[in-house]
There are 2 protein chains.
Amino acid sequence: MSDNKTTLAIVDDHPIVQEGLQKLLVNAADITIVGCFTTGTDFIHFLKKNPVNVVLLDISLPDVSGIDLCREIKKLSPDTSVLALSNHSERSMVLQMLQNGATGYLLKNISGEELIACINEALNGQLTFSHAVKEIMSRPSLNELKDIPKLTKREKEILQLIADGMTTADIAGTLHLSPLTVETHRKSLLQKFEVKNVAAMIRVAIEQKLIP
Amino acid sequence: MSDNKTTLAIVDDHPIVQEGLQKLLVNAADITIVGCFTTGTDFIHFLKKNPVNVVLLDISLPDVSGIDLCREIKKLSPDTSVLALSNHSERSMVLQMLQNGATGYLLKNISGEELIACINEALNGQLTFSHAVKEIMSRPSLNELKDIPKLTKREKEILQLIADGMTTADIAGTLHLSPLTVETHRKSLLQKFEVKNVAAMIRVAIEQKLIP
DNA sequence: TTATTTCTACCTGTTTCCAGGTATTTCTTT
DNA sequence: AAAGAAATACCTGGAAACAGGTAGAAATAA
């Protein structure tokens with residue numbers, strides 16, 4: 001009878017999280033933790049010799065990206081359900097994990113009951129998300145709908161200098177341009193970002209990683 | 001004899017982490033966990049009535065910022081050692097926590113032994129860091145040496161609205177203030193940040209994590 | 001209670017930004 | 001060679017920001 005229990009593996013480089021997961025899962029009588037791993041390669045090595053029903057996978061491991069590891073797991077063992085574990089819920093990351101075969105996406109602030117519920121959902125073949133992720137995925141987020149503006153070389157250059165606190169005149173000086181030219185570029189920057197002043201522009205530019 | 005054991009509290013909104021910390025600390029015979037809290041206010045409430053030697057404090061709680069909570073703890077109970085717990089090690093955050101009275105800064109990928117060692121160091125009055133943090137702090141980065149400005153409540157509020165692209169008039173409207181008052185705040189913000197326009201201010205404010 | 005900080009509000013003047021254009025010279029891509 | 005994109009430069013006028021003050025009320029700390 002003990003053979004039809006669910007086999008579960010934990011892949012997470014945080015000892016705290018490993019211990020925490022173990023403790024939360026001892027309440028689940030039908031789940032057996034068959035292994036705890038701190039790197040992706042360790043787990044892959046294990047998976048080649050042992051069947052695993054569900055793996056709780058931290059997406060930010062030291063050795064490999066969560067995305068790559070997930071794909072590798074599914075290639076090696078398609079029947080293994082991968083539940084991604086993460087601290088942050090960025091839409092793009094959730095989508096990428098699902099594209100690469102993950103069965104669910106859980107935030108680390110999940111409760112013990114919710115965790116067990118999600119594992120069971122995953123075993124039934126359903127996609128499953130922790131509460132907080134559901135919310136974020138259900139309402140398409142504002143700043144990810146509007147496309148990232150395509151800036152020209154000059155515009156990027158000027159954007160950078162604006163972010164450094166330079167005025168139009170300063171920029172004109174350092175780039176040996178007419179202030180009026182700089183104004184023109186500044187104007188098209190504001191247009192492309194769809195904002196009405198530099199404060200907002202710098203904010204979203206950083207958000208979109210257009211400024212270091 | 002059991003009375004001179006170290007009293008320790010955990011403040012973290014992640015059940016996994018709470019359980020994990022508890023499990024890692026049962027090996028430490030001289031430490032008693034006197035409470036686990038998921039919000040800052042809960043813990044403050046507890047602290048008002050109970051002595052606590054060490055608190056393991058997650059810096060990203062749902063209700064209050066780690067910085068504010070840390071300051072409040074030290075005000076209420078200066079003898080309590082605050083060990084910040086975090087996922088990421090950004091210099092600016094480490095510095096800010098120390099400025100506000102934290103005794104140490106630990107990453108969540110810390111091992112059980114290291115955790116206990118750090119707690120004991122903290123009890124001896126030493127500043128203590130987990131391995132990874134030490135590294136980052138040992139090589140000073142240039143632009144983070146300048147101290148982080150201490151903003152008032154109002155200033156933070158207005159900074160946020162500026163970052164959202166609001167003009168002085170807009171802000172005055174939403175906060176029901178005179179535009180002249182908002183200008184005054186705006187002026188002191190620029191002074192505190194030591195910049196001459198909002199573009200630069202937003203940039204460093206984000207860098208210093210004063211804006212989400 | 002006194003001292004200090006914070007929040008509030010005002011005044012004056014200058015600079016910079018923003019919005020609405022137009023237009024010529026490069027590049028680049030087809 | 002022609003079309004399109006990018007970079008350059010100009011004009012006008014109004015809006016907003018910035019710099020340099022002063023100052024009283026309210027909250028907090030010493």
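Chain naming here is simple, since letters A, B, ... match the order of the sequence lines and numbering starts at 1 in each.
Nearest to the side-chain atoms of B:Arg154 among the listed nucleotides D:dC18, C:dC18, C:dC7 stands C:dC7. Listed candidates were C:dA19, D:dT8, D:dA17. Nearest to the side chain of A:Lys196 is C:dA19. The listed nucleotides are C:dT16, C:dA9, C:dA19; the one nearest the side chain of A:Thr167 is C:dT16. Counting only heavy atoms from C-beta on, B:Leu177 has its side chain closest to C:dA9 among D:dA16, D:dA7, C:dA9. In this structure, of D:dC18, D:dA9, C:dC17, it is C:dC17 that holds the atom nearest to the side chain of A:Glu183. Ranking D:dA7, D:dA17, C:dC17 by closeness to the B:Arg186 side chain, first place goes to D:dA17.
Only one option out of B:Thr168, B:Asp170, B:Val182, B:Ile202 pairs with B:Ile162 in a side chain to side chain contact (heavy atoms under 4.5 Å, CB included); it is B:Ile202. Of the residues B:Leu8, B:Thr128, B:Asn124, B:Thr103, the one that meets the side chain to side chain contact (heavy atoms under 4.5 Å, CB included) test with B:Ser81 is B:Thr103.
Residue B:Lys187 is in base contact, counting any heavy-atom pair closer than 4.0 Å across all strands shown. Nucleic acid contact class of B:Thr181 (heavy atoms, under 4.0 Å, all strands): base. Heavy atoms of A:Glu155 sit nowhere under 4.0 angstrom from any nucleic acid atom.
In this structure, CG in B:Asp12 is found 11.5 Å from NZ in A:Lys108, a value given to the nearest 0.5 Å.
Nearest heavy atom pair, residue A:Thr80 against residue A:Val52, reads OG1-O, 2.7 Å.
The interatomic distance linking A:Ile158 (CD1) with D:dA6 (P) rounds to 14 Å, in whole Å.
Salt bridge A:Glu72/A:Lys75: absent, no basic N to carboxylate O contact under 4.0 Å.
Between B:Thr184 and C:dA9 there is no side-chain polar atom (N or O) within less than 4.0 angstrom of OP1 or OP2. Contact annotation: B:Thr152 side-chain N/O to C:dT5 OP1/OP2 distance is not under 4.0 Å. Contact check, B:His185 against C:dT8: a side-chain N or O comes under 4.0 Å of OP1 or OP2.
Between B:Leu180 and B:Asn197, it is B:Leu180 whose nearest contact on DNA chain C lies nearer the 5' terminus.
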